[in-house]
Amino acid sequence: MNENRTLLNKRIGMLGLGHVGLTLGLTFAEAGFTVLGYDINSTVREKLKAGNAHFSERGLDDLLAKHLGNAFQIVEGFSDDTTCDVYVVTVGTPLDAQIRPDFSYIRSAAEDLGKCVKKGDLIILRSTVPLGTTREVFLPLMRKGSGLGEHDVHVAFAPERTIEGNALEELRTLPQVVGGLDEASTELAGEIFSTLTDTVVKLPSLEEAEIVKLINNAYRETVFSFANEVSLVAKQWGLNTKRVIKAANEGYSRSTIPFPSPGVGGYCLTKDGFLLSTSAEAKGLKLQIIPQTRNVSSTMLHTVAEELRSFVATHRPYAHAPRIAILGFAFKGNPATSDMRGSMSVTLVKRLKTMRQKFELVGYDPLVPKERIEELGVHAADSIEDAVAGSDVVIIMNNHEHFRTLSGLHLADGSKGPVLLYDTWGLHDPADFSDLSHIEYRTL
Ligand SMILES: NC(=O)c1ccc[n+]([C@@H]2O[C@H](COP(=O)([O-])OP(=O)(O)OC[C@H]3O[C@@H](n4cnc5c(N)ncnc54)[C@H](O)[C@@H]3O)[C@@H](O)[C@H]2O)c1
């Protein structure tokens, strides 16, 4: 008990208050730590200071309201009066225009930390990184700024593995993986995370912890892409993909194939396979399966867009700009999120806009703010009913529960010809539309 109290006396500094940093920082506050949060983006800081989270996540608003100004404080940087004992780095690690890892945020965080870290502090890198980044990119820069020796600070890598939309719950239930620079770092980082969750998986090196995150996500992208390829074969043979996947999985524990989607999206799954490939290339190895998965997603999107084009070419040959309603702009709908990074809907919009055939695009998402949809050049509707009314094509692009409420009654009456309802996530029972001659129901 006393030991735990000593641990909770440690002050935690979060560098980056995005999806990962804000949820984790508030979870540490809820566990009893005092947490100081800094984000380089002043708009983010100001919004948070005013009590407004800048993205949607279940339970986030309540937790922010509970701890803001008390156990969780927004600071303007880390200096003498905001010094901490533990720093957690959660800055972004996007890909650059050449599809190479962009280390600029990691570098700037390391430099910032170099100015404030003291002997005995613990630094935890939480961002998803290619293998070797903590040791070879982050540490040298941080040390250079601090003037500290090799083992003066504890350093660990601890990957974030929560699912967006359910992050706050998963932070308290998922095993936390930690790998340190040395045993003392692993132990200390393990103790910090053991205040959140029952299971801490300790690994003997930074790199083993780094690769856990990469293989978790590369694996997910691979199995989703596999399911998507299955749907392409089934489609060509006129088979019901969901039914055959269900049959393949039923009572057969050696097969857990997911259902298909119009392509694998999201900030993490669209880049982490690349980060693993880059890690292999750093050691002269060219991976074969993982680099192909992005091509499968491109093929899915291409196939879907082509089907829309060919439907209107057949059923609205004289229409100047047939109306397409796109439902779902967040990269996924379950668990629900407002995050549009890596969203297949954004890629679909771009593709439709480059076609010779012009379309009137209308969009709706229960969580994405309307202005974000408008920024794509898509008219944002107020409701699902507004979006689909009068549309020639309705395409469901994510698996938000709300889209299950769509019924034949909402769709146009078919006086101009049938309406295509393309349910790319298979949310509906095709039988619900089989008697409605004005609707052509399709799924993957
Ligand atoms: N989104 C997820 O659910 C998720 C899940 C697992 C892992 N990850 C990984 O975690 C990392 C962060 O992801 P995210 O979704 O939170 O990104 P994000 O873009 O939402 O948040 C990163 C934040 O860091 C801030 N930042 C950049 N440089 C900074 C600096 N020097 N000091 C302070 N703040 C700085 C940015 O302004 C931004 O607000 C990425 O590596 C990502 O791959 C994300």
Side-chain angles (χ1 to χ4, degrees), residues 13-27 36-48 53-58 60 74-79 82 84 87-96 101-117 123-131 133-134 137-138 141-142 145 157-171 174 176-177 209-210 212-218 220-221 265-276 278 330-332 335-343:
M14 305 296 303
L15 277 89
L17 294 173
H19 292 76
V20 170
L22 184 58
T23 48
L24 181 60
L26 284 167
T27 303
L36 304 188
Y38 170 68
D39 197 290
I40 204 164
N41 183 335
S42 58
T43 312
V44 168
R45 293 199 305 275
E46 292 316 313
K47 271 193 106 171
L48 289 173
H54 53 108
F55 56 91
S56 168
E57 179 72 45
R58 194 187 308 158
L60 184 63
I74 308 297
V75 294
E76 295 296 306
F78 297 104
S79 55
T82 51
C84 294
Y87 294 93
V88 186
V89 177
T90 67
V91 300
T93 47
L95 299 173
D96 65 17
D102 173 356
F103 293 114
S104 56
Y105 302 102
I106 291 280
R107 287 201 178 100
S108 86
E111 284 165 359
D112 290 349
L113 272 176
K115 293 176 201 146
C116 62
V117 74
I123 316 287
I124 300 172
L125 187 58
R126 188 77 165 171
S127 310
T128 306
V129 292
L131 290 175
T133 304
T134 316
V137 180
F138 181 79
L141 274 174
M142 197 264 289
F157 185 85
E160 174 71 43
R161 301 189 303 157
T162 55
I163 194 157
E164 275 186 54
N166 205 20
L168 292 170
E169 189 188 326
E170 287 198 348
L171 279 166
L174 285 185
Q176 292 288 338
V177 175
E210 287 173 341
V212 165
K213 174 66 193 174
L214 298 180
I215 62 177
N216 275 153
N217 273 2
R220 275 163 64 72
E221 195 200 355
Y267 180 49
C268 295
L269 294 194
T270 52
K271 74 177 171 66
D272 292 353
F274 282 118
L275 300 186
L276 186 57
T278 309
F331 77 89
K332 65 172 175 125
T337 174
S338 57
D339 194 351
M340 277 170 71
R341 294 175 297 174
S343 165

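Order of listing sets the numbers, starting from 1, for every ligand and every atom in it.
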With only distance considered, is [X] within less than 3.5 Å of ligand 1 through an N or O on each side?
X: Ile40; value: yes
X: Asp39; value: yes
X: Val20; value: yes
X: Thr128; value: yes
X: Asp272; value: no

key: Under-4.0 Å heavy-atom contact with ligand 1, by part of Phe55 that carries it   = neither
remark   = Under 4.0 Å between heavy atoms, the region of Cys268 that gets near ligand 1 turns out to be side chain
ask   = Of all the non-hydrogen atoms in the protein, which one sits nearest to atom 29 (C) of ligand 1, and at what distance?
value = Val91 CG1, 3.3 Å
With atoms numbered from 1 as shown, which atoms in ligand 1 lie under 4.0 angstrom from a non-hydrogen atom of [X]?
X: Gly92; result: 22 (C)
X: Asp112; result: 31 (N)
X: Tyr105; result: 27 (C), 28 (N)

key: Phe55, CZ: over 12 other non-hydrogen atoms inside 6.0 angstrom   = yes
query = Less than 4.5 Å apart, any side-chain heavy atom of Phe78 and any of Leu15?
reply = yes
message = Under 3.5 Å, is there a donor on one side chain and an acceptor on the other for Thr23 and Glu57?
response =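 On atom types as modelled, these side chains do not qualify, holding no pair under 3.5 Å.
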